[in-house]
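Some notes on the structure that comes next.
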There are 2 protein chains.
Amino acid sequence: MCQSSEVTTRTRRSQRRTEALSRERIVEAAVELLDAAGEGGLTFRALTERLATGPGAIYWHVANKDELLGAATDAVVAAALAVGPTGPPDPPQDGVRAVALGLFDATDEHPWLAAQLSTRLSRGPWASVTPRIFESVGRRVRALGVPEGDWFTATSALVHYILGAVGQNAANTANARTLGPDTNRAGFLDSASRAWEELDPDDYPFVRAVAKQLRDHDDREQLLAGVDFVLTGITARHLPGGQAHTPPAT
Amino acid sequence: MCQSSEVTTRTRRSQRRTEALSRERIVEAAVELLDAAGEGGLTFRALTERLATGPGAIYWHVANKDELLGAATDAVVAAALAVGPTGPPDPPQDGVRAVALGLFDATDEHPWLAAQLSTRLSRGPWASVTPRIFESVGRRVRALGVPEGDWFTATSALVHYILGAVGQNAANTANARTLGPDTNRAGFLDSASRAWEELDPDDYPFVRAVAKQLRDHDDREQLLAGVDFVLTGITARHLPGGQAHTPPAT
DNA sequence: GACCTCTCTGGAATGTCGTTCCAATGTTGG
DNA sequence: CCAACATTGGAACGACATTCCAGAGAGGTC
């Protein structure tokens with residue numbers, strides 16, 4: 001394969017691209033690739049092909065793949081939280097529920113988001129995407145009447161729960177898709193439930209006992225139930241009345 | 001590099017290994033590599049070197065890297081939950097707190113665990129490591145007196161919170177280590193707090209307001225506070241008395 | 001218009017990784 | 001002693017992220 005010297009005249013590109021490359025366009029293409037082919041679908045090869053360019057051009061706008069993934073995550077989360085930016089004057093509890101559902105829907109639409117969120121949070125929790133979510137939830141906590149000294153603790157509890165639940169729940173739908181086009185969420189939960197029922201009765205009595213509830217549960221209901229647990233806990237501690245529980249509008 | 005044919009006589013290994021290779025030994029070595037060099041430290045090359053063998057031998061015992069990572073995660077989590085296997089007869093609340101702290105300490109000892117837990121959960125939440133944690137928490141929920149129909153919802157809420165909080169909190173300590181040997185956890189939180197304070201005052205008023213609390217907070221206290229929020233929420237809903245809150249032993 | 005300079009481009013090359021392939025080895029049982 | 005067999009480990013492969021660099025276009029200067 002040792003070609004002679006004349007090859008150094010590289011086949012120059014047809015001409016300069018009509019539409020300039022930009023970080024925005026790259027992130028946009030990255031999100032599309034991730035949506036289409038999942039986590040492993042984002043490669044620089046696929047990216048160069050889709051943008052009709054070379055790796056060097058992309059690296060001019062983006063430091064590396066990790067930063068690109070972070071930017072994609074950030075863009076999607078920002079869009080998800082943008083539904084009620086500054087927080088409408090509805091009851092704070094409803095606001096927190098809206099944030100949770102917004103993230104839930106985002107992970108549903110972008111199946112790769114759940115894994116990305118978890119990975120990013122466990123690698124540098126206080127950067128990038130966290131402040132956005134923290135701010136969104138924290139404002140409602142403040143509006144609840146929680147004393148200032150407990151803002152951080154209460155908000156952290158809510159954010160941790162929401163991210164944990166969203167990551168795990170939305171994966172149900174996402175995983176069902178990867179199992180095949182014919183397998184729907186119900187089928188996925190069905191097989192998961194069966195797997196639980198087949199565990200060792202001595203080691204896993206409880207898990208076996210709730211296997212049926214796993215099959216029948218509704219992700220959104222469960223997400224909201226958990227949010228309400230935390231909200232109740234927060235208000236019960238700080239507001240002796242503890243009238244925290246406004247049931248979610250169904 | 002085109003060598004002649006005599007090279008086909010490969011330099012055969014000295015002799016058969018004295019101690020047989022086994023899946024156990026491989027997983028053990030994998031955990032050690034992960035502990036020593038972090039997430040990126042586990043490569044088949046490093047593994048073959050450490051075990052003084054070749055890739056083929058490892059692949060005979062393990063399907064692929066993903067399965068190996070899963071096995072490593074499973075082993076570490078199993079060890080973390082093995083402190084009180086069947087659940088001692090202490091108050092259920094304390095039991096849940098013990099599970100949370102056990103996972104917290106495990107991620108502290110194995111910094112890679114947080115990311116692995118999140119990734120695995122969001123990719124196939126109902127397999128591998130989840131039943132173990134679910135069982136552990138679920139037994140205490142049952143012991144709390146929660147009606148059977150709500151076991152799954154209540155346990156899910158607790159597990160989601162614990163995993164979310166553990167993943168994010170333990171990362172504080174882990175990230176402090178990667179920042180350099182001289183940077184400790186306090187230094188890490190300090191710079192994170194400063195980053196929060198430098199956010200746009202218009203977009204992030206709440207985050208800026210709690211930046212100081214971020215700097216001063218204690219991970220374990222906060223973890224337990226969140227667990228208590230959820231526990232309070234659970235018991236308040238189901239047990240009208242709502243005497244759920246046994247303050248953690250400090 | 002000819003020149004320089006600076007930003008931006010994209011094709012080739014590099015090194016590492018997970019994984020596969022297979023000749024060779026010790027072991028087991030006939 | 002020999003033929004299956006489970007197991008080993010070295011070499012090779014293809015994909016990937018990343019780096020390098022020759023060059024194209026745009027804007028300025030004379």
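Lettering follows sequence order; numbering is per chain, from 1. Predicted, not measured: the structure shown is a model, and the values here were computed from it.
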Checklist entry - Centres of the B/F206 and A/F152 rings: under 6.0 Å? => result no
Next on the checklist: For DNA chain D, which residues of residues 34-46 of chain B approach it to below 4.0 angstrom with any heavy atom?
Outcome noted: none
Just grab all the salt bridge (charged side-chain N to carboxylate O under 4.0 Å, His left out) pairs involving [range], residues at least two apart or on different chains.
range: residues 159-169 of chain B; result: none
range: residues 51-72 of chain A; result: A/R23-A/E67, A/D66-A/R120, A/D66-A/R123
range: residues 39-62 of chain A; result: A/E32-A/R50

Only counting residues at least two apart or in another chain, list the ones meeting side chain to side chain contact (heavy atoms under 4.5 Å, CB included) with [X].
X: B/S193; value: B/E197, B/A211, B/L214, B/R215
X: A/D202; value: A/D200
X: A/D219; value: A/F104, A/N169, A/N172, A/T173, A/R185, A/H217

Item to check | Strand contacts (DNA chain C) in residues 55-66 of chain A, 4.0 angstrom heavy-atom criterion | outcome: A/P55, A/G56, A/A57, A/W60, A/H61
Just how far, in rounded Å, is [atom2] of [N] from [atom1] of [X]?
X: A/E67; N: D/dA17; atom1: CD; atom2: P; value: 15 Å
X: B/L68; N: C/dT19; atom1: CG; atom2: C1'; value: 14 Å
X: A/E49; N: D/dA15; atom1: CD; atom2: P; value: 13 Å
X: B/L21; N: D/dG10; atom1: CG; atom2: C1'; value: 15 Å

Checklist entry - Mind checking what makes ring-ring contact (aromatic ring centres under 6.0 Å, His included) contact with A/F44, not counting sequence neighbours? => result A/Y59
